[in-house]
Each structure stands twice: as C-alpha cells, then as structure tokens.
> 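Below you will find the structure I want to go over with you.
These numbers come from a predicted model, not from an experiment. Side chains included, hydrogens not; waters and symmetry mates left out as well; all remaining heavy atoms used.
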Amino acid sequence: MTTTRGEHPHEDHTRKPDVGANVPSDPPGGHSGSVAPAGHFAPRPPGQGDKRVSVMMLSGALAVGLGIAAATIPVPYVVERAGPTFNTLDRSGDTPVITVTGHETYPAKGNLDLTTVYVEGGPTSPVSIFGALGAWLDGSKSVYPQEQIYPTGTTKEQAEEQSSVAMTTSQENAVASALKELNIPFGQQLQAAGLSSGSPSAGKIENDDIFETINGKPITSLAVVQDELAAGKGAPVTLVVQRGGQSVTQTITPKDNGSGRYILGIMLKSLFSFPFDVKISLDKVGGPSAGLMFSLGIIDTLTPGDMTGGKHIAGTGTISPDGSVGPIGGIRQKMLGARAGGATLFLAPADNCDEVTGNVPAGMQVVKVQNLDQARSAVELAGSGQDTAGLPSCANN
C-alpha cells in the first residue's frame, strides 16, 4: 500500500507585504494646520514623526514575520509528485538492479521500469502551507490529508522502517512469484507476526509460531490455509505450529470477517528457501509497489530471449508469493513519471482503475492486470510486435 484520495483545489490570494511601502513621508506642505514659507518645512513636534515611522516599520516587520512563519510551519497534508523510474533490466549506479547467482541468466534488452513517487509531508519531510497550496494548483501533483498516508502518531523513524520492511518483503515476494511462474520449486513457511483485534486465535497462537499443518494437511502456502477455512465454513480447525523447536497443537474456531470469508485473525509473514540467490539492489527507494516489476525483471533475466522485444514498458503494483497483483498509491504520478521516462505501455493493478481512468498521459497505453501471468503475457505480446489494442484496460473488461 488503497483508499481513493481526492484533490481539493483552492485559490491562493495570499500577498506578501511590501516592506516599507506603507511608511508615509512628510509632504512638502508640512503638517495639517501649519503654514510654511516656500522652500521650507514647518517644524514638527519632537519625536512625533519618529513614532509614526517606528509603528509602521514594526507593523511591516510583524507582517514579514507572519509570512515567514506561514512558509515554515508544517501543515497536516502530504504532497505526491512524480519520481524517477528505474529499469529493472539495467543497473543502479555501478550495480545491476537484479543479480542472480547459482542459475543461468540471459542478457535482456528493453525496459521494464519500476516507477516511484516523491512524498513531501508527514513525519519524514513536513510541507508548508505555501507548498500545499502550490501543489493544489499544480495538476501534476496530488494533496492528501496526512492521516490518509500516515497513521496518527507515526514518527519519522517508524515511517522509514515501515518503508524499508515493505521493500524487503516485496523483493522476497517478487522472487517467489517469479519462480512460481517459471515452475521452479522453492520452500515456503508461514510464520505468525501478530494477531488482529478480537482474533479467535488469541491465547493460542504466539508471535514467531511456524505453521506446520491444518487439519492434517501440510501448510506449503497461504492458499492451503485459505482453502481449508473456506471448505470448513466456520467449523473448528486443528492447527499444528512449531514453537521453540516443538510441535504444538491448537484447535481454533475461525470467525466470519463480515463478508462471508472465515479467518483465524493471524498476521503472517513468509519464510522462503530459494534454490539459488537473487539479489535486488536499489538505493533510496522504499515501499511495496515495485514488486510486480521486480518479478517481471527476474523472469526476463532467467529466461532465454528478450521478453520486451526492446520496447519501453513500465508499471507498478504489489506482488504476493502466489503472483496476485495488488493496488498501490500515487498511480497518477507514477503514470506521469513513466511517460516522462519514455514508456509507451504501462501495467497497472486492476484495483487502481478508478484512479487510472481519465488520467492516462497522452501517448501511453495502460493495461490492467490482476496477476503476474497476465502482466507477463502483456509484455510478451508487446515484445513480439503484435497489436496490443485488445489487452484489458480500465475502460473495458
């Protein structure tokens, strides 16, 4: 990570004070009620002019001070603008973005660009009122209330850590989804990483428990757990977990999440065991939204030929180990950044279609995708030089 967020345009009528412009000078005719000979000025009471000048100068100084304060005091808004793109088939500085050790690789041409967004505001880089107003008036930027992006109370350190963890997780998921797409076996375990509020597993499942079986079936992926819960329709399940080197058996009754899906209320993370090493190197980029493009870059690196046919393709989307593509934030800015970088075909998560429609840059085709297989097929079709007009878009099914 999404919540659809809207812009609220405003007109800026703020004017900076013209320092000293309102400080009056004595007119040649002198003060009211006094008459002076030609070429002379009537004397004024000692200190009277000085007081008027001092008051007006003080007012001007206060206005300037208020203007400076308004420009520096942060406001509770976040501004998003297009960031740079990075070709997953190329290098980041002196290092390849994707490096594979222990498996044959194949040079790939063309571009499979991941896209980024610069974020100003929140705990990491506060934005001023002038910055927010300027962004409101700039059609290439978006302004959102801070709480839509960062939970209340989030610190700079927490935001940076969450972004870093999300990037690491997206890279691991990208490797898993790419190997699954290529039918290359790998190991996967699910580990408890916390419980949701009101979880039916409270008091039975602890953090770091590793799932072994559910109703006697080995848990090799999240899909095994989901399928068993769906088949049971709320019936109790027997879960065996590994805790401190020992197997612990628990019986848990799942609950309906309100939409007819039964859950155990456990937050999970995946532990992978890959048959070879895949390293992704990309400095100063965080978050989960590069997962889809990492996956495609890994597939192109591990397979003969040139999947893109030398074409310039970009995209975005989270990726899960099973290849599902999820929605992301800032897609308007990412499409603009992709087009500015030269992309003519853009892969967008289907769940972002409401933000894509009406915001596609001129000269670029956007293809909606729900999973890695669809994204790979779209890239291969474009790379083969065939007509891509029939690919799914946010305007059709």
> I'd like to check Thr316 versus Pro349 (side-chain heavy atoms, cut-off strictly below 4.5 Å). Are they in contact?
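Thr316 reaches Pro349 side chain to side chain.
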> Only counting residues at least two apart or in another chain, list the ones meeting ring-ring contact (aromatic ring centres under 6.0 Å, His included) with Tyr77.
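Per chain and number, Tyr77 pairs via ring-ring contact (aromatic ring centres under 6.0 Å, His included) with Trp136.
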> Check whether the side chains of Gln188 and Ser270 place a donor and an acceptor atom closer than 3.5 Å, and report yes or no.
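Ser270 and Gln188 do have a side-chain donor-acceptor pair below 3.5 Å.
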> Run the salt bridge (charged side-chain N to carboxylate O under 4.0 Å, His left out) test on Glu80 and Lys141 for me, step by step, so that the C-alpha distance in whole Å, both residues' side-chain angles and the decisive distance to 0.1 Å come before the verdict.
CA-CA 6 Å; Glu80 291 182 345; Lys141 299 178 181 179; over 6 Å; no
> Does one side chain, of Asp113 or Asn111, offer a donor that lies under 3.5 Å from an acceptor on the other?
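Yes.
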> Residues two or more places apart in sequence or in another chain: which of them pass side-chain hydrogen bond (donor to acceptor under 3.5 Å, both in side chains) with Ser320?
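Per chain and number, Ser320 pairs via side-chain hydrogen bond (donor to acceptor under 3.5 Å, both in side chains) with Asp322.
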> Between Ser199 and Lys255, is any side-chain donor less than 3.5 angstrom from a side-chain acceptor?
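No, no side-chain donor-acceptor contact under 3.5 Å.
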> Who pairs with Ser259 by side-chain hydrogen bond (donor to acceptor under 3.5 Å, both in side chains), at least two apart in sequence or on another chain?
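Result, side-chain hydrogen bond (donor to acceptor under 3.5 Å, both in side chains) vs Ser259: Asn257.
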> Quick one: do the Glu212 and Ser247 side chains pair a donor with an acceptor below 3.5 Å?
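Yes, Ser247 and Glu212 have a side-chain donor paired with an acceptor closer than 3.5 Å.
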> Once you round to the nearest 0.5 Å, how far does CG of Asn371 lie from OG of Ser324?
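The OG atom of Ser324 is 6.5 Å from CG of Asn371, to the nearest 0.5 Å.
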> More than 12 non-hydrogen atoms from neighbouring residues, nucleotides or ligands closer than 6.0 Å to CD on Glu161, yes or no?
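It does not: Glu161 CD has 12 such atoms or fewer within range.
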> Taking atom types as modelled, find out whether Ser140 and Gln333 have a side-chain donor-acceptor pair closer than 3.5 angstrom.
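No - no donor-acceptor pair under 3.5 Å links their side chains.
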> Nearest 0.5 angstrom please: Phe276 CZ to Leu179 CG, how far?
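Answer for the CZ-CG pair, Phe276 versus Leu179, is 4.5 Å.
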> Within this structure, what is the CD1-CD1 distance for the pair Ile298 and Ile280, rounded to the nearest 0.5 Å?
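Those atoms lie 4.5 Å apart.
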> So, does Lys311 use its side chain to make a donor-acceptor pair with the main chain of Ala382 at under 3.5 Å?
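At least one qualifying donor-acceptor pair exists.
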> Calculate, to the nearest 0.5 Å, the distance between atoms CD1 and CD belonging to Ile266 and Glu206 respectively.
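One gets 11.5 Å once the value is rounded to the nearest 0.5 Å.
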> Quick check for you: to the nearest 0.5 Å, what is the distance between Leu112 atom CG and Leu89 atom CG?
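Going from the CG atom of Leu112 to the CG atom of Leu89 covers 4.5 Å.
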> State, to 0.1 Å, how close Ser92 and Ser281 come at their nearest heavy-atom pair, and which atoms those are.
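Distance-wise, the nearest heavy atoms are CB-O, 3.7 Å.
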> Just by distance, no angles: are the side chains of Ser295 and Ser177 close enough, under 3.5 Å, to form a donor-acceptor pair?
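Distance-only check passes for Ser295 and Ser177.
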> Could you measure the distance from the CE atom of Met307 to the CG atom of Leu302? Nearest 0.5 Å is fine.
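One gets 10.5 Å once the value is rounded to the nearest 0.5 Å.
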> Which heavy atom of Ala348 sits nearest to which heavy atom of Val366, and what is that distance?
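Here Ala348 and Val366 meet closest at CB-CG1, 3.8 Å.
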> Check the hydrophobic clustering (I, L, V, M, F, W, Y; side-chain heavy atoms under 4.5 Å; chains of links allowed) and say if Ile219 and Phe186 are grouped together.
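Ile219 and Phe186: separate clusters.
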